[in-house]
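See below for the structure under consideration.
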There are 2 protein chains.
Amino acid sequence: MSESTGMQAPRPRSTRRMAGGKQAPTIYDIAELAGVNPSTVSRALSTPGRVSAKTQTRIEDAARKLNYQVNAFARALPTGRTRTIGLIVSDITNPAYFDIIRGAGTAASARDYTLMLAESTESAELELTAARRMLATVDGLILASPRLSDADISQLASQKPVVVINRTVDGVGSVVADTEAGVADALRHLAAMGHRHIAYVAGPERSWMSQRRWETIKARSDWSGLSATVVASGVPTVDGGRRAAAAVREGFATAVFCYNDLMAIGLMRELQAAGVNIPDEFSILGFDNIFGSDFTTPPLSTIKSPLHELGTTALGYVLEELDKGPGPHRLPVLRTELVLRGSTGPSPRQAPGPGAATA
Amino acid sequence: MSESTGMQAPRPRSTRRMAGGKQAPTIYDIAELAGVNPSTVSRALSTPGRVSAKTQTRIEDAARKLNYQVNAFARALPTGRTRTIGLIVSDITNPAYFDIIRGAGTAASARDYTLMLAESTESAELELTAARRMLATVDGLILASPRLSDADISQLASQKPVVVINRTVDGVGSVVADTEAGVADALRHLAAMGHRHIAYVAGPERSWMSQRRWETIKARSDWSGLSATVVASGVPTVDGGRRAAAAVREGFATAVFCYNDLMAIGLMRELQAAGVNIPDEFSILGFDNIFGSDFTTPPLSTIKSPLHELGTTALGYVLEELDKGPGPHRLPVLRTELVLRGSTGPSPRQAPGPGAATA
DNA sequence: TTGTAAGCGTTATCAC
DNA sequence: GTGATAACGCTTACAA
């Protein structure tokens with residue numbers, strides 16, 4: 001009785017309650033019911049094909065009967081795997097993110113993973129904290145428009161699979177929307193409408209994407225013989241756009257791109273509040289094509305981002321790295337697309353060139 | 001060498017990697033560095049005050065030096081606690097949720113908890129699955145506008161603290177916005193503007209809140225001598241609002257409430273597209289005051305919900321139940337408030353009564 | 001106040 | 001193919 005060698009391990013007492021107040025069933029319960037060893041149950045339930053067909057079904061039946069659910073923590077302890085992916089966004093209030101979130105979320109549950117969401121509220125510091133915390137409990141991480149430094153991101157990526165959205169970092173997987181296509185179309189359109197001076201209301205200084213957008217606008221403008229200037233700015237919100245209105249009016253530009261739709265909407269409304277007519281006096285364009293960008297009067301012209309795809313492919317990358325190891329860190333080109341609505345029109349300063357669209 | 005009695009437990013090999021590829025430090029490392037027993041480290045780090053001040057600081061220093069981070073899974077295993085709260089929303093794309101999400105999220109991190117978000121995409125089935133899954137890994141759950149049956153919710157609540165938002169379920173904690181105040185103000189205003197027939201474009205059939213809104217509109221209308229009718233509807237989205245346009249035009253109502261702002265916007269735009277003037281021909285009101293509801297022309301009049309507070313107090317409740325046990329299931333009255341904008345005006349059918357607002 | 005040791009529910013490595 | 005058994009990293013009686 002006191003000699004324990006070869007005895008059945010004592011039945012551990014579960015910590016989780018069930019509906020009726022009972023303890024949650026464990027693989028020990030299944031083992032008992034199916035008349036096999038707990039380790040066999042574990043094999044049957046987690047590594048298919050390593051157990052005889054007969055016992056496999058016996059075990060599955062028992063599990064079903066007991067309404068068994070694996071204990072994620074117990075599983076995570078020896079394996080380190082949680083079937084959970086983290087996603088950090090800078091501002092959950094920005095509608096641009098919710099398609100990214102939904103994309104990543106549905107892609108995750110399709111592969112039987114769970115998405116964990118965190119918000120950094122536009123702060124690099126908070127973002128690093130959130131990322132570190134998350135990294136401890138997830139299998140991989142997606143950083144959407146991160147404000148972190150390259151070094152911090154690389155550091156995070158050295159621990160677990162990390163994929164960044166709308167940014168590139170050396171040696172780190174990334175998914176970006178291509179900018180080029182949409183901007184080229186937009187500039188072509190604006191030039192045809194007689195615009196010669198373009199302004200860009202920038203987003204946050206540390207935003208890779210804001211930089212990128214400005215650079216391609218600048219490059220494309222030069223190439224087309226248009227002049228382009230930046231209006232420095234602050235927060236990428238409706239309010240941020242409002243605050244850029246004065247600077248925009250002081251410049252020469254007749255057409256202005258904003259870092260994102262939120263800013264474009266803010267700029268437009270502030271200008272309108274001051275009696276400025278859009279698009280007669282200024283043409284305004286945003287980026288992303290968020291919810292609500294077509295609610296305004298005039299509805300906003302914008303360069304549409306493949307938000308949903310950004311989310312799904314980012315998640316796909318994380319999972320890929322997870323089981324194939326560090327990948328090629330490809331940078332897929334997800335196309336942007338010009339969506340012409342009412343906030344763009346002919347330049348007030350110059351006659352439209354050949355091929356201009358009708359008013 | 002082979003006799004193990006009384007020997008120091010063998011150092012377990014960690015499973016998590018660190019920056020340089022090293023293993024993550026455990027309490028064993030700290031113990032070694034501080035010259036104490038691992039259990040003392042555990043006490044020092046998790047139950048403050050149960051260790052001498054001197055060893056406490058020695059341990060904290062060691063922890064800091066090693067850059068120690070608790071392993072959440074290892075901790076969760078014996079305790080069952082994860083310091084994580086789940087939040088399930090029906091549609092992450094609905095801006096009404098993001099203030100709830102942010103409210104709950106900030107309240108959570110303020111108390112050093114993490115919020116885990118899931119979406120049910122308006123499906124009761126998916127919602128139950130998501131809720132069950134979540135419940136296994138979180139300490140408590142918040143259900144925002146759940147589509148679940150009362151029975152399902154009670155069943156979930158019997159396992160761990162559950163709080164519902166904008167709904168009541170017997171014996172389950174709940175937080176709702178009061179409807180009454182906002183609706184009363186709105187109806188008073190409409191009556192003063194000469195409106196006599198009111199319509200309500202309903203939300204999803206299973207939505208408790210849609211029911212509630214209709215009931216108070218009906219009751220208040222009767223009380224004021226106005227007639228009120230429902231327009232049945234489907235999805236609580238912009239599109240759902242659009243589809244209600246025909247039915248609205250066929251009725252006698254001159255003022256129409258919609259279950260939420262999304263539907264109100266859809267209805268308004270569809271009507272406008274058909275050449276109907278808002279507010280001259282119809283007055284339109286939404287509920288919630290979401291992002292974008294002031295972008296429209298005319299801007300939407302709406303009954304504002306305390307979204308952020310809904311989120312924070314719901315989270316507060318969960319935490320309260322968590323450490324004080326099942327609470328009184330109070331139903332806090334979070335006030336709604338009428339926000340008058342341009343989508344409401346005098347009735348086209350009747351002269352405004354005394355005290356009508358100016359156009 | 002601190003050390004000892006037994007779990008928590010899995011997975012993984014052995015034997016057989 | 002299946003059964004023992006030792007981790008995984010932490011908490012928590014119980015002793016000392």
Side-chain angles (χ1 to χ4, degrees), chain A residues 4-17 23-32 34-59 63 66 68-83 136-137, chain B residues 4-17 23-32 34-59 63 66 68-83 136-137:
Chain A
S4 66
T5 318
M7 284 187 66
Q8 179 85 339
R11 162 76 172 79
R13 272 162 307 149
S14 165
T15 253
R16 283 184 334 187
R17 291 171 305 162
Q23 304 292 32
T26 71
I27 53 171
Y28 284 77
D29 299 300
I30 299 178
E32 201 173 337
V36 296
N37 189 280
S39 64
T40 307
V41 176
S42 172
R43 271 189 286 262
L45 263 31
S46 49
T47 7
R50 296 196 41 68
V51 125
S52 83
K54 216 166 26 184
T55 46
Q56 176 79 30
T57 55
R58 259 224 317 284
I59 288 172
L66 293 176
Y68 170 80
Q69 290 242 119
V70 277
N71 181 323
F73 310 116
R75 171 173 284 177
L77 204 41
T79 60
R81 293 296 215 81
T82 63
R83 297 199 79 80
T137 54
Chain B
S4 66
T5 318
M7 284 187 68
Q8 178 85 340
R11 162 79 173 81
R13 271 162 308 148
S14 165
T15 254
R16 284 183 335 188
R17 291 168 305 162
Q23 304 293 30
T26 72
I27 53 172
Y28 285 77
D29 298 301
I30 299 179
E32 200 173 339
V36 295
N37 189 279
S39 65
T40 307
V41 176
S42 172
R43 273 190 285 263
L45 263 31
S46 48
T47 4
R50 295 198 44 69
V51 124
S52 85
K54 217 170 23 190
T55 46
Q56 176 80 30
T57 53
R58 259 225 317 284
I59 288 171
L66 293 176
Y68 171 79
Q69 290 242 118
V70 278
N71 180 325
F73 309 114
R75 172 173 283 178
L77 203 42
T79 61
R81 294 298 214 79
T82 63
R83 296 200 80 80
T137 53

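Numbers restart at 1 for each chain; the letters A, B, ... are given by sequence-line order, proteins then strands. Note that the structure is predicted; figures quoted are calculated from it, not measured.
- Atom-to-atom, OH of B:Y68 to P of D:dG9 comes out at 10 Å; the value is rounded to the nearest Å.
- Here D:dT12 presents its C1' atom at 10 Å from CZ of B:R50, a figure rounded to the nearest Å.
- Residues A:V41 and A:Y28 are not in side-chain contact: their nearest non-hydrogen atoms beyond the backbone lie 4.5 Å or more apart.
- Within the 4.5 Å cutoff, side-chain heavy atoms of B:L45 are placed close to those of B:I30.
- Rounded to whole Å, atom C1' of D:dT11 lies 10 Å from atom CG of B:L77.
- Note: CD1 (A:I27) to C1' (D:dT2) measures 14 Å, nearest angstrom.
- Where B:T40 and B:A74 each meet DNA chain D at their nearest nucleotide, the meeting point lying more 5' is that of B:A74.
- Within the 4.0 angstrom heavy-atom criterion, only backbone atoms of the sugar-phosphate kind lie near A:S52; the bases stay farther away.
- For the pair B:T137 and B:T82, the minimum side-chain heavy-atom distance is 4.5 Å or more.
- For B:R43 (side chain) and B:R50 (main-chain N/O), no donor-acceptor pair under 3.5 Å exists by modelled atom type.
- Distance A:F73 CZ to C:dT10 C1': 13 Å, rounded to the nearest Å.
- Along DNA chain C, the nucleotide nearest to B:Q56 and the one nearest to A:S39 differ in position, and the one closer to the 5' end is contacted by B:Q56.
- For A:T55, counting side-chain heavy atoms from C-beta on, the closest listed nucleotide (C:dT10, D:dT2, D:dC10) is D:dT2.
- Distance from the side chain of A:N37 is smallest for D:dA4 among the nucleotides D:dA4, D:dT11, C:dG9.
- Residue B:N71 contributes atom CG, which lies 8 Å from atom C1' of D:dC8 at whole-angstrom precision.
- Between the side chain of A:S42 and the base of C:dT11, no donor-acceptor pair under 3.5 Å is found.
- The two atoms that bring B:I59 and B:A44 nearest to each other are CD1-CB, 3.7 Å, heavy atoms only.
- B:T47 comes within 4.0 angstrom of no nucleic acid atom, judged by non-hydrogen atoms across all strands.
- For the pair A:R75 CZ and D:dC8 P, the computed distance is 19 Å after rounding to whole Å.
- C:dT11 atom C1' lies 10 Å from atom CZ of A:R43, rounded to whole Å.
- Taking only side-chain atoms of A:P78, from C-beta outward, the nucleotide of C:dG9, D:dA4, D:dC10 with the closest atom is C:dG9.
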